[in-house]
2 protein chains.
Amino acid sequence: MKFTNPDCLNCSSRAHSLLSCCRASELAHLSETKSCFTYKKGQLIFHEGGKPSGLYCINTGKIKIAKLGSDGKEQIVRLAKPGDLIGYRALMADTNYSASAVALEDAVICFIPRSQFLELISQNVEFAGGLMKLISNALGEAEERMVQMAYKPVRERLAEALLLLQKTYQEREEGDKFTISISREDLASIVGTAKETTIRLLSEFKDEGLITAKGSSITILDHERLYKISHMYD
Amino acid sequence: MKFTNPDCLNCSSRAHSLLSCCRASELAHLSETKSCFTYKKGQLIFHEGGKPSGLYCINTGKIKIAKLGSDGKEQIVRLAKPGDLIGYRALMADTNYSASAVALEDAVICFIPRSQFLELISQNVEFAGGLMKLISNALGEAEERMVQMAYKPVRERLAEALLLLQKTYQEREEGDKFTISISREDLASIVGTAKETTIRLLSEFKDEGLITAKGSSITILDHERLYKISHMYD
DNA sequence: TTCAGAAAATGACATACATCATCTTTTAGG
DNA sequence: CCTAAAAGATGATGTATGTCATTTTCTGAA
């Protein structure tokens, strides 16, 4: 659903965004050429296999980037939050999307047309460099997770997933505790395991006093011990 | 061991390299500033955790890029061949190496100092763009393998690994058959499984007439059926 | 508040894969 | 050509995790 274009200059999430390196004139031009949409929880933003026509910049809401495994199971490859760009990999590689993007909660997302994106790259060296850094870091993280999938037991990967959620989505103001609302199914898709296994291990974590859960809300009580579990054999 | 600098202009592997988009003057300058070394089979080129000081361009030989898993097991995250660049991720991300590079056979590799690399990026738009494309593709492949690690059985991943080796290392002139010399241990590190499991499944493949093996040489006989196995449940 | 459908929780069971141990073959150096 | 060490092969066994089935709890719309 079309949304009144927010002004990039005054965007609350600009501070944590790559777009923060743009000049005021560039931002003004962006504000004009982009279009902004609202998405309901669960709604598709772009689809694996689809052709990219531009870049997305998240204004509000949590997003998952996920691939479909051969047997129909889903693997979440990346999480995104306000200020993050999504869809840049396919644009840069000049290929179709290799993953889908879905809103984990109601979201507002700006769409920047391909031409505008390419213009930005060619005219703003900082932006281009920042983008390179972004992709390079993503590659490093993907390779790291690849190793973990190969050799880490599910229990450790689940602990890691919970910490990843906290790292990604905890607001600066919040204190020690962290609560997130995420379905066991999505959590399993981050870990790369079956939903039932995730549920069982979460129950263990509850018994051990590491987390509490009511409904689909999970609260991390003991960050430190979770960290130890996730690095058990290091 | 230091090696007489080969001339980039006449480099036999330049055709398949990103450096092919460089101008003659740039290549001449490269030839001067780079230094070239020989590596013995098994020798380390750069080390996970180490600080990158430049870019490596493979002249001859096969290279593995591998990470150490928490329990000491190795995961090969990428393979490289003559013409390929390695070590660019750490340079671009401005972090330490997140993986090690090791020669799978005797190799000759040129070293391009960081400053020269950065100069090339800033002065040659094509090179910079090609590099972006390179990283973006690597990211796509890494995420794809992450999903496969999560949900594909080892048998299918092994079939895929054999095809990856063929795709990466088969010379254009060779015909249908393809033979490669690789230890069962390295093969297991690509698949992300135990050496014994790899050996057992290779025996199955032999019984089924998909491959033959003598010593550490593996010959792919039936590319097509291997492909089917690797896509069993698609 | 109530009720239906979705999500979470738990149990029973099957199995792919890791691990450890042993034996055989290949490889490389003298 | 021989021999020791490395790599490959194979068997026995345990276990983590997937799958299917059932019950319980949560959630949101009427």
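The model shown is predicted, which means the values in this text are computed figures rather than measured ones. Proteins get letters first, then strands, A, B, ... in listed order; numbering begins at 1 in each. Because only heavy atoms are used, hydrogens play no part in the values below, and waters and symmetry mates are left out as well, while side chains stay in.
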Problem set entry | Whole angstrom value for the distance that separates P of C:dA6 from CG of A:Asp186 | 17 Å
For this session: Would you mind reading off the distance between B:Arg157 atom CZ and C:dA18 atom C1', rounded to a whole angstrom?
Result: 13 Å
Seminar exercise, completed: Between CD of A:Glu204 and P of C:dG11 the distance, given in whole Å, is 12 Å
Exercise. Any side-chain N or O of A:Thr193 under 4.0 Å from OP1/OP2 of D:dG18?
Worked result: yes
For this session: Select from A:Ser203 and B:Ser217 the residue whose nearest nucleotide in DNA chain C is closer to the 5' end of that strand.
Result: A:Ser203
Seminar exercise, completed: note: B:Ile218, atom CD1; D:dA9, atom P; distance rounded to Å ~ 8 Å
For this session: Would you mind reporting whether B:Asp106 and B:Tyr39 have side-chain heavy atoms less than 4.5 Å apart?
Result: no
Exercise. Can you tell if the side chain of B:Tyr88 reaches within under 4.5 Å of the side chain of B:Tyr56, non-hydrogen atoms only?
Worked result: no
For this session: Tell me which nucleotide among C:dC17, D:dT17, D:dT19 gets nearest to the side chain of A:Ala194.
Result: D:dT19
For this session: Applying side chain to side chain donor-acceptor pair (under 3.5 Å) between B:Glu143 and each of A:Arg78, A:Arg89, A:Arg145, A:Lys67, report the one that passes.
Result: A:Arg78
Problem set entry | Side-chain N,O (B:Thr197) to OP1/OP2 (C:dA18) below 4.0 Å | yes
Exercise. Which whole-number value in Å describes the distance from B:Glu185 CD to C:dT19 P?
Worked result: 12 Å
Problem set entry | Test applied, salt bridge (charged side-chain N to carboxylate O under 4.0 Å, His left out); reference residue, B:Asp186; option that passes from B:Lys64, B:Lys62, B:Lys195 | B:Lys64
Seminar exercise, completed: B:Glu105 atom CD is separated from C:dT27 atom C1', nearest whole Å, by 17 Å
Exercise. Given atom NZ of B:Lys206 and atom P of D:dG8, what is their separation to the nearest angstrom?
Worked result: 10 Å
Seminar exercise, completed: Per nearest nucleotide of DNA chain D, the residue lying toward the 5' end, A:Lys152 or B:Ile199, is B:Ile199
For this session: Would you mind telling me which of D:dT17, C:dT19, C:dT10 lies closest to the side-chain atoms of A:Glu196?
Result: C:dT10
Exercise. Quick one: does A:Arg200 reach the base of D:dG18 with a side-chain donor-acceptor pair under 3.5 Å?
Worked result: no
For this session: May I ask you to test the B:Glu160-B:Leu163 pair for a side-chain heavy-atom distance under 4.5 Å?
Result: no
Problem set entry | Separation of atom NZ in B:Lys73 from atom P in C:dA18, rounded to whole Å | 7 Å
For this session: Determine: side-chain N/O of A:Arg184 to OP1/OP2 of C:dA9, distance under 4.0 Å, yes or no.
Result: yes
